[in-house]
Amino acid sequence: MFEVLPQLAPDPILGLSAAYREDNNPDKIDLGVGVYKDEQGNTPILTSVAKAQKILLERETSKTYITPQGHQGYIDNMLALLLGDKSPVLMADRVAGVQAPGGCGALRILSELLVRCNDNAKVWVSDPTWANHIPLIGSAGLKIETYPYFDKDTASIRFDAMMEALKKVEKGDIVLLHGCCHNPTGADLTNAQWDAVLDIAKEREFLPFLDVAYLGFGDGLEDDAYGVRLLAENLPEVIIAASCSKNFGLYRERVGLAAIITEDSKTRQIAQGQIQSVARGIYSMPPSYGGALVDIILSDTSLRKEWESEVNAMRNRMQTLRAMLVEKLEENGADKDFSFVNQQKGMFSFLCITPEQVREMRDKHSVYFVDSSRVNIAGINQQNVGTLAKALVSVL
Ligand SMILES: Cc1ncc(COP(=O)(O)O)c(C=O)c1O
């Protein structure tokens, strides 16, 4: 049976990790996979998470299934984190939500739900967008279109072109927006640009699909929620896929949230039943562990404070690394202005160099990142930043 299947090319990011592991150069640098790393290159368990694990170990008395929607405490805490404690849409009982297996799981079940609503709907994604959006949304059966987003020549958002494209989106189509810390470019909309997106969404009556995978990694937990809250509070319908992989460091526990803001409370109930039925048809119930940990952290005042300061520390470290890289590039006489790296947000930056230059970085200097020139800023540290800057200047 399986002989009919074609051999697939290896996943570019996983292939890159394998090549990095096999490289014997002691000065090799991995800026590929999107996970946070500390100064020693480790992806640590957050202290708040380690404490929550101890509490959970004491508290948990059964491994029976959790409900299809997941831990209600997790869902409520996450919705308050994303939408604000006193969010009018929460007060009006207009938000359906389920715990999902990671942000990926959330993106997928929301896409399946959209197919149930309208199997002809188009989803507009930014050009470029996170590579996995395409299979996650496309495999559900939705058509994908792109809107212009980033200009590599000027290292900035093509906002006018984006707005022109959004003006042509039809009523009932879906527009995927990165809530903050755009992956792969690190280029985020300003608050004024979010305001303009809201106006277009009202005018064209499209459905915003917000992907929030890096809350807290841009300007802070509150500031990063500006776009999400703006659209949620001012439009009749919005859907949100959130992830706790990065800001809680819970990657392997697969914990995310799928939320649907509906026009009224009655439709909320219908949407809640439908999204649970979608999940039931794919994996039945979400894994419990990660959601239980997040619930413990967000429900406990002192653990929550500790977690917030850990998120702040990760964000500040990445901002420092951005500044360090820009400074080292200048010191090494780069004839290209890389100051845009300082303005970009979150874990990623597009270095805006050519695929040939990226390959030269890999082949000659053992610096590994994807051909698009997206680098994981958290892969930089005090030790390797000098080597990285020299290599980059030499391939320019
Ligand atoms: C933009 C974006 N959305 C969603 C996700 C999903 O993350 P996960 O499924 O690991 O929670 C990621 C992870 O890299 C991402 O970068």
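Start at 1 and go down the list; that is how both ligands and their atoms are numbered.
- Remark: Arg374 qualifies as a cation-pi partner of Phe348 under the 6.0 Å distance and 45° angle criteria applied to the six-membered ring.
- Which parts of ligand 1 touch Ser245 is read off a 4.0 Å heavy-atom cut-off, strictly below it: atoms 8 (P), 10 (O), 11 (O).
- Contact check on Glu112 versus Arg108 returns a salt bridge, with a Lys/Arg side-chain nitrogen under 4.0 Å from an Asp/Glu carboxylate oxygen.
- Scanning all protein heavy atoms for the shortest distance to atom 7 (O) of ligand 1 gives Ser243 OG, 3.7 Å.
- Below 3.5 Å of separation, one finds no N or O of Ala213 facing any N or O of ligand 1.
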message: Walk me through whether Ile157 and Leu189 qualify under side chain to side chain contact (heavy atoms under 4.5 Å, CB included).
response: CA-CA 8 Å; Ile157 294 183; Leu189 298 177; 4.1 Å; yes

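- At the shortest separation from atom 3 (N) of ligand 1 among protein heavy atoms lies Asp211 OD2, 2.6 Å.
- Contact check on Glu308 versus Lys305 returns no salt bridge, with no Lys/Arg side-chain nitrogen under 4.0 Å from an Asp/Glu carboxylate oxygen.
- Distances from atom 16 (O) of ligand 1 to the heavy atoms of Trp130, Tyr251, Tyr214, Phe348 put Tyr214 nearest.
- Taking every non-hydrogen atom of Arg254 and a distance limit under 4.0 Å, the qualifying atoms of ligand 1 come out as 8 (P), 9 (O), 10 (O), 11 (O).
- Under 3.5 Å, the side chains of Gln53 and Tyr289 contain a donor-acceptor pair of N or O atoms.
- Heavy-atom proximity to Gly102, at under 4.0 Å, picks out these atoms of ligand 1: 9 (O), 11 (O).
- Ring orientation note: the planes of Phe338 and Phe340 are tilted relative to one another, at an angle of 30° to 60°.
- Near Cys104, meaning under 4.0 Å from any of its heavy atoms, are these atoms of ligand 1: 6 (C), 8 (P), 9 (O).
- A cation-pi arrangement is present between Lys28 and Tyr20 under the rule of less than 6.0 angstrom and at most 45 degrees off the ring axis.
- Annotation: Asn183 places an N or O atom under 3.5 Å from an N or O atom of ligand 1; distance criterion only.
- When hydrogens are left out, the protein atom nearest atom 13 (C) of ligand 1 is Lys246 NZ, 3.4 Å; that is the closest non-hydrogen contact.
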